[in-house]
Amino acid sequence: MSKIATFKHPGVVMDWENGTGADVSVGDVISLGTFCGVAQVDIANGATGPVSLSGVYEIAAVNNAAFTQGDMIYFDTVAKKATKDTSKAFLGVAMRGKETAGTTAWVKIGYEWHDKAEKTITYSNTGDAITAGDVVKFSDFCGIAAEGIDATNGKGAVYI
């Protein structure tokens with residue numbers, strides 16, 4: 001029987017062919033359809049280079065919206081800024097809060113955060129209130145609260 005799939009690499013970096021019509025600089029956010037990555041090196045138009053699909057980055061952000069730790073963050077490819085505007089390309093999850101007037105955001109980029117429903121479990125809280133972005137400990141693993149969860153008897157989504 002022949003193999004159906006052969007492991008190639010962990011998938012935290014991808015080879016990306018720059019077909020944008022312009023050169024890309026190291027640190028540029030690259031829209032990859034339904035999610036984004038970050039160029040690891042300068043990539044000339046028509047060339048192929050590595051794009052990171054995971055990690056926490058400090059990224060230029062809009063200064064007209066506050067971000068709460070755990071918020072889903074998107075990327076405006078025209079303004080080149082992180083935003084909460086869901087009509088833009090998915091970028092990741094806010095790792096720190098950002099005041100409304102703030103101009104940068106810490107974002108955990110990654111396609112793995114794209115669909116909250118696919119990567120969460122429902123957690124039944126038996127203690128203090130939990131804030132979105134808090135680490136939630138289970139018996140043998142940890143997750144990150146995808147939303148605020150009320151104290152005792154509150155239920156909510158936790159990223160796993």
- Less than 4.5 Å apart, any side-chain heavy atom of Lys84 and any of Ile73? yes

- In Å and rounded to the nearest 0.5 Å, what is the CE to CD1 distance from Met95 to Ile109? 11.5 Å

- Query: Are Lys98 and Phe67 in a cation-pi contact, defined as NZ or CZ under 6.0 Å from the six-membered ring centre and within 45° of the axis?
  - Reply: yes

- Message: Looking at every non-hydrogen atom in both residues, tell me the closest pair between Asp71 and Ala66 and how far apart they are.
- Response: OD2-O, 4.3 Å

- Around Asn63, counting heavy atoms of other residues, nucleotides and ligands shown, do more than 12 lie under 6.0 Å from its CG? yes

- From Asp128 atom CG to Thr152 atom OG1, the distance as rounded to the nearest 0.5 Å: 7.5 Å

- State yes or no: do Val26 and Ile59 share one hydrophobic cluster built from I, L, V, M, F, W and Y residues joined by side-chain heavy-atom distances below 4.5 Å, directly or via other members? no

- Task: With the side chain counted from C-beta on, respond yes when Val107 and Phe75 share a heavy-atom pair under 4.5 Å apart, and no when they do not.
- Result: no

- Gap separating the CG atom of Leu91 from the CG atom of Asp76, nearest 0.5 angstrom: 11.5 Å

- Task: Indicate yes or no: at least one non-hydrogen side-chain atom of Thr131 is less than 4.5 angstrom from one of Gln69.
- Result: no

- Please identify each residue that fulfils side chain to side chain donor-acceptor pair (under 3.5 Å) with Lys81, with sequence neighbours left out. none

- Message: I'd like to know whether Lys155 forms a side chain to side chain donor-acceptor pair (under 3.5 Å) with Thr122, so could you lay out the CA-CA distance, the side-chain angles of the two residues, the decisive distance to 0.1 Å, and finally the verdict.
- Response: CA-CA 6 Å; Lys155 292 184 189 246; Thr122 299; over 6 Å; no

- Task: Heavy atoms only: give me the nearest Leu53-Gly11 pair and the separation to one decimal.
- Result: CD1-O, 3.5 Å

- Message: If you apply the rule side chain to side chain donor-acceptor pair (under 3.5 Å), what do you find for Ser52 with Tyr57, and how did you get there?
- Response: CA-CA 10 Å; Ser52 180; Tyr57 290 84; 3.0 Å; yes

- Item | Pair Lys108-Ser54, side-chain donor/acceptor within less than 3.5 Å | yes

- Could you check Val51 against Gln40 for side chain to side chain contact (heavy atoms under 4.5 Å, CB included), going step by step and ending with a plain yes or no? CA-CA 5 Å; Val51 171; Gln40 289 187 333; over 6 Å; no

- Task: Grab the two heavy atoms, one from Leu32 and one from Gly37, that are nearest each other, plus how far apart they are.
- Result: CD1-N, 3.8 Å

- Task: Grab the two heavy atoms, one from Ser31 and one from Thr77, that are nearest each other, plus how far apart they are.
- Result: CB-CG2, 3.8 Å

- Message: Going by side-chain hydrogen bond (donor to acceptor under 3.5 Å, both in side chains), name the pairs with one or both residues in residues 13-29, residues two or more places apart or in two chains.
- Response: Asn18-Thr20

- Note on the structure: In short, Ala39 meets Val24 closest at the heavy-atom pair CB-CG1, 3.7 Å

- Any chance you could lay out the ring pair (Phe, Tyr, Trp, His ring centres under 6.0 Å) test for Tyr74 and Phe90, step after step, and finish with the verdict? CA-CA 4 Å; Tyr74 301 85; Phe90 178 77; 5.7 Å; yes

- Euclidean distance, Met72 CE relative to Thr86 OG1, rounded to 0.5 Å: 11.0 Å

- Message: Name the residue from Val135, Val136, Val158, Asp150 that meets the side-chain contact (heavy atoms from CB on, under 4.5 Å) definition with Ile130.
- Response: Val136

